[in-house]
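Shown next, in structure tokens, is the structure this report addresses.
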Protein chains: 2
Amino acid sequence: MTERPFHHGSLRTALLDEAVLVLRESGVHGLSLRDLARRAGVSHGAPRSHFVDRQALLDALAETGFRRLTSRVELALAGQDDVRHRFLRVAHAYVDFAIDDAALMDLMFPASPSPRSSTVAAAARDLFATLDGAMGSRRADTDEVARETFEMLFAATMQGIATLVASNRIDRARGDRLVDEATEMMLGSTLATTAVT
Amino acid sequence: MTERPFHHGSLRTALLDEAVLVLRESGVHGLSLRDLARRAGVSHGAPRSHFVDRQALLDALAETGFRRLTSRVELALAGQDDVRHRFLRVAHAYVDFAIDDAALMDLMFPASPSPRSSTVAAAARDLFATLDGAMGSRRADTDEVARETFEMLFAATMQGIATLVASNRIDRARGDRLVDEATEMMLGSTLATTAVT
DNA sequence: ACCTGAACACCGTTCAAGT
DNA sequence: ACCTGAACACCGTTCAAGT
């Protein structure tokens, strides 16, 4: 009678957890609702109760990705006041995540942008708000445009380094060094002097 | 008797050309061998004569992508001697391509890196060699390590900006301005003074 | 509210057969 | 050498039915 001992309401999270693992080793292409159902020990129609279609699952995955990355960045911020170290820690947290969960990053920042569900959009906004807080000046009179430009370039560079590593153009150690060098270069630029404290 | 007037040997390129279009409007997910065969007016088994499996088609697409991007960069280099303008033109050429063919870029720089076929690898090397030539110093005694680092950071930043635009985080005009600003910032850094002429 | 299981259309892949 | 068409296993999606 304990034929299906699990999922007295936890099937949704069980599917998501399993999906993260599959994603990590087989990419988006390896993700199938039927396969996830099989792994969870339920019928192939069961996931339908929690995700209307495959895209809904992918959206939910992107949302958890944004939340996990946000908490990683928050962790990197804990107890750091020096600007240089703050940037370095955030940068490494971001790039590490992007490399370890490259396929998930593709779901979070899809190349063919589909209209984003509101819950995913909210999770994305939380991440950007956290990043803003991490990089923003604490002085109110700082040039707003310069700061936003600086933030964008910083995010772009980190995302780019992660892509280089994830696609095997450079190895991880090289990527780590690039993160350091990029951070130093950007903090040393004239843009930075008007953008951050 | 002209039931199938095309493809007296051109089916391969016909499939590839069609695939680029499908890729552009439906992403990798919308690419199906059977659908391509249908559009070309051949049976579903016909593509097999030119591509052993779906991955072989994706590899071929990546290869053509590298070749097209290489020629775009070469075009951007034509008749430009000033360093600043050279960088700006190459950067815009790169980012424009990455935005217009974002899905193709994902095939060229896959998140879950599969072992790359030798022909794809060769096409990729051609692109990197061209980029090296575009950005490299003409003086032989320049610091080699600094130059390579500078090249990597430049490529990473451009790829990152393209990702931001392709995933709709910023619009295209903002991306264009970021390209300009990033180029100025990088050329103004101390890294650049030891890396480029 | 959540899950089952049959049904349908679609896909990648294989393969014998045609030209 | 290139293409056809049947076959097989797999998938997403829908839906009536169970609990």
Side-chain angles (χ1 to χ4, degrees), chain A residues 1-23 25-62 103 106-107 110 112 114-115 117 119, chain B residues 1-23 25-62 103 106-107 110 112 114-115 117 119:
Chain A
M1 36 274 328
T2 56
E3 193 64 33
R4 310 203 179 290
F6 341 93
H7 318 136
H8 13 276
S10 66
L11 178 58
R12 196 191 132 96
T13 54
L15 290 172
L16 282 177
D17 290 346
E18 193 65 32
V20 172
L21 300 182
V22 175
L23 202 53
E25 66 177 55
S26 312
V28 210
H29 185 251
L31 258 188
S32 122
L33 286 175
R34 287 178 107 107
D35 180 52
L36 289 175
R38 222 174 288 127
R39 288 165 187 255
V42 293
S43 79
H44 70 261
R48 185 64 206 280
S49 301
H50 301 97
F51 307 102
V52 280
D53 55 17
R54 198 181 113 107
Q55 188 55 49
L57 172 76
L58 300 185
D59 285 345
L61 280 172
D106 279 352
L107 294 181
S112 323
S114 52
S117 90
T119 63
Chain B
M1 44 263 332
T2 55
E3 192 64 33
R4 309 204 179 291
F6 341 92
H7 317 136
H8 14 275
S10 65
L11 178 58
R12 194 190 133 95
T13 54
L15 291 172
L16 283 176
D17 290 347
E18 194 65 33
V20 172
L21 300 182
V22 175
L23 203 52
E25 66 178 53
S26 311
V28 210
H29 184 252
L31 259 188
S32 124
L33 285 175
R34 287 177 108 106
D35 181 51
L36 288 175
R38 222 174 289 127
R39 287 164 186 256
V42 293
S43 78
H44 70 261
R48 186 66 207 281
S49 301
H50 301 97
F51 307 103
V52 280
D53 55 17
R54 199 181 113 109
Q55 187 55 49
L57 172 77
L58 300 185
D59 285 347
L61 280 172
D106 279 352
L107 294 182
S112 324
S114 51
S117 91
T119 63

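Scope of the values below: all heavy atoms of this structure, side chains included, with no hydrogens, waters or symmetry mates. Proteins get letters first, then strands, A, B, ... in listed order; numbering begins at 1 in each.
- Rounded to a whole Å, the CG atom of B:Leu31 is 12 Å from the P atom of C:dC11.
- Rounded to an integer number of Å, the gap from CG of B:Leu33 to C1' of D:dC10 is 15 Å.
- Rounded to the nearest 0.5 Å, atoms CZ (A:Phe51) and CG (A:Leu11) are 8.0 Å apart.
- In this structure, A:Asp35 and B:Ala46 both approach DNA chain D, and ranking their closest nucleotides by distance from the 5' end singles out B:Ala46.
- Within the 4.0 angstrom heavy-atom criterion, no nucleotide atom of any strand lies near B:Arg12.
- A distance of 11.0 Å separates CG of A:Asp17 from CG of A:Leu36, quoted to the nearest 0.5 Å.
- Nucleotide C:dT14 holds its C1' atom 18 Å from the CZ atom of B:Phe51, rounded to whole Å.
- You'll find that the side chain of B:Asp53 is closest to C:dT13, out of C:dT13, C:dC11, D:dG12.
- As rounded to whole Å, 14 Å separates atom C1' of D:dG5 from atom CZ of B:Arg38.
- Among C:dT14, D:dG12, C:dC11, the nucleotide with an atom closest to any side-chain atom of A:Ser32 is D:dG12.
- The partner of C:dG12 is D:dC8, judged by Watson-Crick or G-U wobble contacts that both fall below 3.5 Å.
- Side-chain atoms of A:Val28 and A:Arg54, non-hydrogen and from C-beta on, do get closer than 4.5 Å to each other.
- Residues B:Val22 and B:Arg39 meet the side-chain proximity criterion, which asks for heavy atoms closer than 4.5 Å.
- Side-chain atoms of A:Arg34 come within donor-acceptor range of the base of D:dT13, with a qualifying N/O pair under 3.5 Å.
- The listed nucleotides are C:dT4, D:dC3, C:dC3; the one nearest the side chain of B:Ser49 is D:dC3.
- If A:His44 and A:His50 are placed on DNA chain C by their nearest nucleotide, the residue sitting closer to the 5' end is A:His50.
- Spacing between atom NE2 of A:His29 and atom P of D:dC11 amounts to 11 Å, rounded to whole angstrom units.
- D:dC2 and C:dG18 make up a base pair, with Watson-Crick or G-U wobble contacts both under 3.5 Å.
- Within the 3.5 Å criterion, the main-chain N or O of B:Leu23 finds no donor-acceptor partner in the side chain of B:Ser26.
- Comparing D:dT13, C:dG5, C:dT13 by their closest approach to the side chain of B:Arg54 singles out C:dT13.
- Nucleotide C:dC11 holds its C1' atom 12 Å from the CG atom of B:Leu36, rounded to whole Å.
- In this structure, B:Arg48 reaches the C:dT14 phosphate: one of its side-chain N or O atoms is under 4.0 Å from OP1 or OP2.
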